[in-house]
Number of protein chains: 2
Amino acid sequence: MAETATRRRGDTRERIQDVALERFTTSGYDQTSLREIAEDLGVTKAALYYHFRTKEEILDSLLEQVSTELDAIVEWMKSGPSTRERRIEMLHRLAEVTRGTPGGVMKCVQQNEAAFQNLSTAAAMVHDLKRKLGEAALPGDATVEQRLRMRAVLFANKPDSDLGGAASERASAAEAIVEDLVP
Amino acid sequence: MAETATRRRGDTRERIQDVALERFTTSGYDQTSLREIAEDLGVTKAALYYHFRTKEEILDSLLEQVSTELDAIVEWMKSGPSTRERRIEMLHRLAEVTRGTPGGVMKCVQQNEAAFQNLSTAAAMVHDLKRKLGEAALPGDATVEQRLRMRAVLFANKPDSDLGGAASERASAAEAIVEDLVP
DNA sequence: GTCTATACGAGGATAGAC
DNA sequence: GTCTATCCTCGTATAGAC
């Protein structure tokens, strides 16, 4: 730790991630160019390619942790019977991950729900969450209405800050809807 | 009407729209390049720019009618009191437009719900539907839970064919959820 | 090990000849 | 009404300086 503070050598990878997360969240993934990120850091585009193989890999590196946690929820759901109690528990765990994720990564995911559909790795996995959770939560012979209910509740369980109100208020509203909607 | 059938002169604009709608729906708006469309028609990219000023304008021309109809629903909702009956009626009208739209335009919209968020004109207006409908449907002093319910039902009201089951089955499932969820 | 210079082919868009 | 030629930006790739 001899070279501290202002100079900042060797942490380029982290600095790329910081800038990328901020831009991806505020301007959107598609609308953010590698040139922007590079210029913001005072390096060239090519420098980014030393640290990451593609633009998508930058995204993936940001989403790695949350992706793992969501995958764990899917696996947990699959590992037991599909009862109503466990479906509700599953949704609680999902809400927890969303709340607990640090650094606004989950906000970035929501902001880009659009763009991530077309990607192929971790980003796609995160976006695909709802479909996977829905499948894991319902038995194969579930009715159309049950499936539709599950889908609706997975969307409803997104009490974004643009709804207004305190975070706790939004959380309890989401919970009431879960109770109403889960098959 | 002297020059009919195979030759097809002067209807290039319509032919562009036909090809574009098909590609936008199956491959996605972002993933469809103007070069593809042009090659499919046996013309060059630049030729498209005689008929449309931008790629987005091609999209907008396809969405014009549906955009108008959705706008009418918003206006109707705003024009009267916000009772539960009228909220449910609003959702029925929305479902009708979705079903009644010809030529798979609405399917294109759903397929691209992703990409349309970032656009600025008719496409954005169509995508923005849910937010606008939600605002029109609820009084200004609505609670957080009411807002969240409205949002959930607008998403739930999308009984896409990938749910399985007959169209009528999906429709009645959607209606049951509406009854359950509308504040 | 970290970066710059440079280039490629794709994208959307434009000017102007025919 | 359609073309060629051109421009800029994009993500990506590689060669080579330090």
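Values below: every heavy atom of this structure, side chains too, minus hydrogens, waters and symmetry copies. Each chain gets a letter, A, B and so on, in the order its sequence line appears, and its residues count up from 1.
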Practice problem: May I ask you to evaluate whether Thr12(B) reaches the phosphate of dT2(D), defined as a side-chain N or O under 4.0 Å from OP1 or OP2? | Solution: yes
Self-check item: Integer-rounded Å distance: dG1(C) C1' and Arg13(A) CZ
Solution: 14 Å
Quiz item: Quick check: does any side chain N or O of Ser67(B) sit under 3.5 Å from a backbone N or O of Val126(B), one acting as donor and the other as acceptor?
Solution: no
Self-check item: Interatomic distance, Arg35(A) CZ vs dT9(D) C1' [rounded to whole Å]
Solution: 7 Å
Quiz item: Is the distance from OP1 or OP2 of dC3(C) to the nearest side-chain N or O of Thr44(A) less than 4.0 Å?
Solution: no
Self-check item: Protein-nucleotide distance (Leu41(B), atom CG; dG1(D), atom C1'), rounded to Å
Solution: 14 Å
Practice problem: Compare the minimum distances between each of dT4(D), dG11(C), dC3(C) and the side chain of Ser33(B), then state the nucleotide with the smallest one. | Solution: dG11(C)
Quiz item: If you measure from CD on Glu36(A) to CZ on Arg23(A), what distance do you get to the nearest 0.5 Å?
Solution: 5.0 Å
Self-check item: Close residues, residues 19-30 of chain B, relative to DNA chain C [heavy-atom separation under 4.0 Å]
Solution: none
Quiz item: Going by an N to O cut-off under 4.0 Å, is there a salt bridge joining Asp180(A) and Arg149(B)?
Solution: yes
Exercise. Decide, yes or no, whether a salt bridge links Lys132(A) with Asp71(A) under the criterion of side-chain N to carboxylate O below 4.0 Å.
Key: no
Quiz item: Taking 4.0 angstrom as the limit, do Arg15(A) and Asp18(A) come out as a salt bridge?
Solution: no
Practice problem: Check whether NZ of the Lys or CZ of the Arg Lys55(B) lies under 6.0 Å from the centre of the six-membered ring of Tyr29(B) and within 45 degrees of that ring's axis. | Solution: yes
Quiz item: For the salt bridge (Lys or Arg N to Asp or Glu O under 4.0 Å) test, which of Arg86(A), Arg87(A), Arg93(A) pairs with Glu89(A)?
Solution: Arg93(A)
Quiz item: Asn112(B) side chain to Phe24(B) main-chain N or O, any donor-acceptor pair under 3.5 Å?
Solution: yes
Self-check item: Spatial distance of atom CD1 (Ile58(A)) from atom CZ (Arg53(A)) [nearest 0.5 Å]
Solution: 13.0 Å
Quiz item: So, is His51(A) near the phosphate of dC3(C), with a side-chain N or O under 4.0 Å from OP1 or OP2?
Solution: yes
Exercise. Using a 4.0 Å heavy-atom cut-off, write out nucleotides 12-18 of chain D from 5' to 3' as B (base contacted by protein), S (sugar-phosphate only) or - (no contact).
Key: BBB----
Quiz prompt | Nearest-Å distance for atom pair CZ/P, residues Phe52(A) and dG11(D) | solution = 15 Å
Quiz prompt | Candidate nucleotides dT2(C), dG1(D), dT4(D), ranked by approach to the side chain of Tyr50(B) - the nearest | solution = dG1(D)
Quiz item: Rounded to the nearest Å, what distance is computed from the CG atom of residue Asp11(A) to the P atom of nucleotide dG1(C)?
Solution: 17 Å
Exercise. Return the value, rounded to whole Å, for the distance between atom CG of Leu48(B) and atom C1' of dT14(C).
Key: 14 Å
